[in-house]
Amino acid sequence: MGGSPAGDGTLSLDGFNASAAALVKRWKEIEVDDSLPDWTWKPCSKMGVPSEVEGYLALEGVYRDCGGSQIDENDNSDGADVVACDTWHSLCPFPLQVQSCSDNVHVYDFHVVYSYSYKVPVLYFQGHRSDGQLLTLDEIKQHLPSNSLKVLGESKWTFITREEHPHLSRPWFTLHPCATSDWMKLLLEQSKVAIEEQSLLRYLSAWLSVVGQAVGLKIALELHCNS
């Protein structure tokens, strides 16, 4: 079915779907705190019927306290005692927030969509305040680590644009995929994965480990390990 990654770093639609399924499965197997959202697969609908082949990966409801602190979902206090938790920085640099009515809380959604034009995954994302108002690009950049801002300013393939989400028909921010196949080719070659199937299943996790850095989204190392 042509599911394996091509030697030029691209990926077929079948390969994208298989790699997405592998990522969702692996995410559920690794030890991740319940307060961290799950990666899920969202099938697209045609004429009201979910498609068997078209869809996208989603990581939604990633909460960030603009003050840089985190509230534990199991905390029975009134939120007065806020404790920062560095543990989350190994998984996602946006400290998770599960209860707050403050305007200082921002929520991020990340979608991974297949590009038929470039034959690679594309990251779409957006952030909004607790009242639902969307964040501007300048506001989003304020949340990024300094090294991510440097990468965005220097790398041709990570510049942020805003375009219509292929499946939602609404404007989302996205990282342009123009050079994705080039660096994915190098990444897959350096990984020295002997079995094509294993290379296929690890494609998205490897891709996320690079692309995520540009938006401050880091992936757990356990995601790359064998079950």
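Throughout, numbering of the chain's residues begins at 1 and tracks the sequence.
Taking the side chain as every heavy atom from C-beta outward, Trp207 and Val210 never approach each other to under 4.5 Å. Using a 4.5 Å cut-off on side-chain heavy atoms (C-beta onward), Phe16 and Val120 make no contact. Side-chain contact between Lys119 and Tyr114: present, with at least one pair of heavy atoms (C-beta onward) separated by less than 4.5 Å. Here the side chains of Leu208 and Phe110 are not in contact, with every heavy-atom distance at 4.5 Å or above. The closest side-chain heavy-atom distance from Val113 to Pro121 is not below 4.5 Å. At a threshold of 4.5 Å between non-hydrogen side-chain atoms, the residues Ile160 and Leu175 count as touching. Considering only heavy atoms from C-beta on, Tyr118 comes within 4.5 Å of His176 through its side chain. Residues Asp109 and Val62 have side chains not in contact (no heavy-atom distance under 4.5 Å, counting atoms from C-beta outward).
Asp38 places no side-chain N or O within 3.5 Å of a backbone atom of Thr40 that could act as its donor or acceptor partner.
When all heavy atoms of Phe125 and Thr174 are compared, the closest pair comes out as CE2-N, 4.2 Å. Of all heavy-atom pairs between Gly61 and Pro37, the closest is O-CG, 3.5 Å. Closest approach of Tyr203 to Gly9, counting heavy atoms only: OH-O, 2.7 Å. In plain terms, the two heavy atoms of Asn17 and Trp41 that are nearest each other are OD1-CH2, 3.3 Å.
A donor atom on one side chain and an acceptor atom on the other are found under 3.5 Å apart for Thr10 and Asp8.
With sequence neighbours excluded, the residues forming a side-chain hydrogen bond (donor to acceptor under 3.5 Å, both in side chains) with Lys42 are Glu60, listed by chain and number. Partners of Gln142 according to the side-chain hydrogen bond (donor to acceptor under 3.5 Å, both in side chains) rule, which considers only residues two or more places apart in sequence or in another chain, do not exist here. Under the rule for a ring pair (Phe, Tyr, Trp, His ring centres under 6.0 Å), the partners of His165 that lie at least two apart in sequence or sit in another chain are Tyr56, His111, Tyr124, Trp172. By the side-chain hydrogen bond (donor to acceptor under 3.5 Å, both in side chains) test, Thr136 is found to be paired with Glu139, residues two or more places apart in sequence or in another chain being considered. Residues meeting the side-chain hydrogen bond (donor to acceptor under 3.5 Å, both in side chains) test with His167, sequence neighbours left out: none. For the salt bridge (charged side-chain N to carboxylate O under 4.0 Å, His left out) test, no residue two or more places apart in sequence or in another chain qualifies with Glu164.
Cys44 contributes atom SG, which lies 8.0 Å from atom CG of Leu168 (distance to the nearest 0.5 angstrom). Distance CG/Leu59 to CG/Leu23: 10.0 Å, rounded to 0.5 Å. With rounding to the nearest 0.5 angstrom, the CZ atom of Phe173 is 4.5 Å from the CZ atom of Arg162. Rounding to the nearest 0.5 Å gives a distance of 13.0 Å between NE2 of His106 and OH of Tyr63. Annotation: the span from Ser209 atom OG to Leu204 atom CG amounts to 10.5 Å, rounded to 0.5 Å.
Val24 and Ile30 fall within the same hydrophobic cluster, defined by Ile, Leu, Val, Met, Phe, Trp and Tyr side-chain heavy atoms under 4.5 Å apart, directly or through other members. A single hydrophobic cluster is not seen to contain both Tyr116 and Val122; linkage of ILVMFWY side chains at heavy-atom distances under 4.5 Å, directly or through other members, places them apart. The hydrophobic cluster containing Val211 also contains Leu137, counting ILVMFWY residues as joined when their side-chain heavy atoms lie under 4.5 angstrom apart, directly or transitively.
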* To do: Please step through side-chain contact (heavy atoms from CB on, under 4.5 Å) for the pair Arg129 and Leu135, ending with a clear verdict.
  => CA-CA 7 Å; Arg129 298 188 179 90; Leu135 300 179; 3.8 Å; yes
